[in-house]
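Worksheet: one structure, shown below.
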Amino acid sequence: MTSEFSATPKSAQNQVSNDLIVQARSLYEEATNLMLQAGQLFEQAKELGKKNFTKLIKAEGVEPATANRLIKAAKVGDRFPSQLACQLGLHILLKLSQPSNSKAIEAIAQQESCTQLKALDIIKEHHQPIPKNPPKQVQWQTHNDNSNTLILRIPECKAAERFVDLWKASNETPLPIFMGELLDKAASQPLTALIPQSDRTPQPTPSTPIQANLELLQSTNNQSEITVILREIDRLEQIVQKISNPIDATERMILRLTMDEISALKNQLAIFRSQIA
């Protein structure tokens, strides 16, 4: 056949090629019609079979994903006249089944006739990207070295700005701050969670900030322990001065927790001073 075409004038070859394309398009439209009918039958079977649909369809040797694609195409095809749905073909119908192309379905349905190329232009013109879900407020990020970092996302507000100020004022020593109220009252972790796990010194995690202070005190002699406590109390009191008039629930929570830690440290200071005396 190749040698026969090579001896044929170019115009004649083009005519033969065009005839084959017309024949193929006709067969494709017929095949699309059959596949849409199959999709309609699959949809009916799915409604009747309910939870057993996947099991039943696998028993017939049919891939569930294929059946579901035909169901989607059939649902979109039902929005158009039968001839138009067949002209659009399975690929275009599946594109139209995407939520972002719902407007394109309405636009194509208003056309008296529509080729596949015209349909693609309409889809492009009416495409509406679906807004992505906002990132989680509390999320672990995994790095290439398999280390993890906890990310806390706080919407921009005065409380967030104060949160940053308090973090900087703490000289990188974590405060007993829990952002439960800002994060929909979800359980949160101390700010040490912002430090990548690979950068942390392995050590038992205390259950409370007060216990962390007690462990530090037990590792030194009484005099140095008193010095450490005094410095910590001074640092915390400076923070209390900055938020002495809290502007929201978060600052009130921070103020209360900081005051509680100061009180606990003063009690411990009294104990060590009595031991020295």
Side-chain angles (χ1 to χ4, degrees), residues 1 13-142 148 151 153 155 183-187:
M1 183 176 291
Q13 290 183 10
N14 290 340
Q15 182 60 47
V16 173
S17 178
N18 184 73
D19 292 342
L20 293 175
I21 291 172
V22 170
Q23 184 180 356
R25 186 185 68 181
S26 177
L27 290 174
Y28 179 73
E29 291 178 3
E30 292 178 15
T32 299
N33 183 44
L34 292 174
M35 286 188 288
L36 293 179
Q37 291 181 41
Q40 293 170 345
L41 295 176
F42 280 135
E43 184 178 8
Q44 295 175 24
K46 191 171 186 177
E47 291 176 355
L48 294 172
K50 299 185 184 300
K51 294 181 179 180
N52 293 323
F53 175 70
T54 300
K55 182 178 179 181
L56 292 171
I57 203 170
K58 284 184 176 180
E60 294 298 324
V62 179
E63 181 191 18
T66 298
N68 287 324
R69 281 195 293 270
L70 291 177
I71 291 173
K72 286 183 179 181
K75 286 182 177 179
V76 177
D78 289 340
R79 304 278 298 272
F80 307 119
S82 178
Q83 183 178 359
L84 176 56
C86 294
Q87 289 175 349
L88 293 175
L90 202 65
H91 176 68
I92 301 295
L93 292 174
L94 286 173
K95 272 185 172 294
L96 291 170
S97 70
Q98 300 172 8
S100 57
N101 293 327
S102 58
K103 293 293 184 181
I105 295 178
E106 300 174 6
I108 292 174
Q110 295 174 0
Q111 303 291 320
E112 293 183 2
S113 63
C114 187
T115 65
Q116 292 181 356
L117 293 178
K118 186 176 180 180
L120 288 173
D121 289 338
I122 293 175
I123 289 173
K124 184 178 180 180
E125 180 183 354
H126 292 82
H127 181 76
Q128 292 181 319
I130 302 299
K132 295 182 179 180
N133 293 328
K136 296 179 180 179
Q137 289 180 308
V138 180
Q139 183 180 25
W140 281 105
Q141 182 181 42
T142 302
N148 296 304
I151 300 175
R153 293 185 176 89
L183 305 178
D184 298 327
K185 296 186 178 180

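In this text, all values refer to a predicted model and were calculated from it rather than measured experimentally.
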Check A119 against I92 and note the closest heavy-atom contact, atom names and distance.
CB-CG2, 4.0 Å
Shortest non-hydrogen contact between F80 and A85, atoms and distance
CB-N, 4.3 Å
For the CD1 atom of I71 and the CG atom of L36, what is their distance to the nearest 0.5 Å?
12.5 Å
Could you state the interatomic distance from CD1 (I105) to NZ (K103), rounded to the nearest 0.5 Å?
11.0 Å
If you measure from CD1 on I123 to NZ on K95, what distance do you get to the nearest 0.5 Å?
6.5 Å
Between the CG atom in L41 and the CG atom in L70, the distance rounded to the nearest 0.5 Å is 10.5 Å
Is any side-chain heavy atom of N101 closer than 4.5 Å to one of H127?
yes
Side chain to side chain donor-acceptor pair (under 3.5 Å) contacts touching residues 31-49 (sequence neighbours left out)
Q40-D78, K46-N68
Would a 4.5 Å heavy-atom cut-off, applied to side chains only, mark Q111 and I122 as touching?
yes
What's the shortest heavy-atom distance between A74 and G39, and which atoms?
CB-C, 3.9 Å
Is it the case that the side chain of S17 and the backbone of N14 share a donor-acceptor pair, with hydrogens and angles ignored and the cut-off at 3.5 Å?
no
Nearest heavy-atom neighbours spanning W140 and N148:
CE3-CB, 3.6 Å
Do Q23 and D19 have side-chain atoms, one donor and one acceptor, less than 3.5 Å apart?
no
Note, L94 side chain near V76 side chain (heavy atom, < 4.5 Å):
no
Non-hydrogen side-chain atoms of E63 and R69 separated by less than 4.5 Å
yes
Heavy-atom pair with the smallest gap, counting every atom of E29 and Q87:
OE2-CG, 3.5 Å
Between Q116 and L88, is there a donor-acceptor pair closer than 3.5 Å when you use the side chain of the first and the backbone of the second?
yes
Heavy-atom pair of closest approach, residues F53 and F42:
CE1-O, 3.6 Å
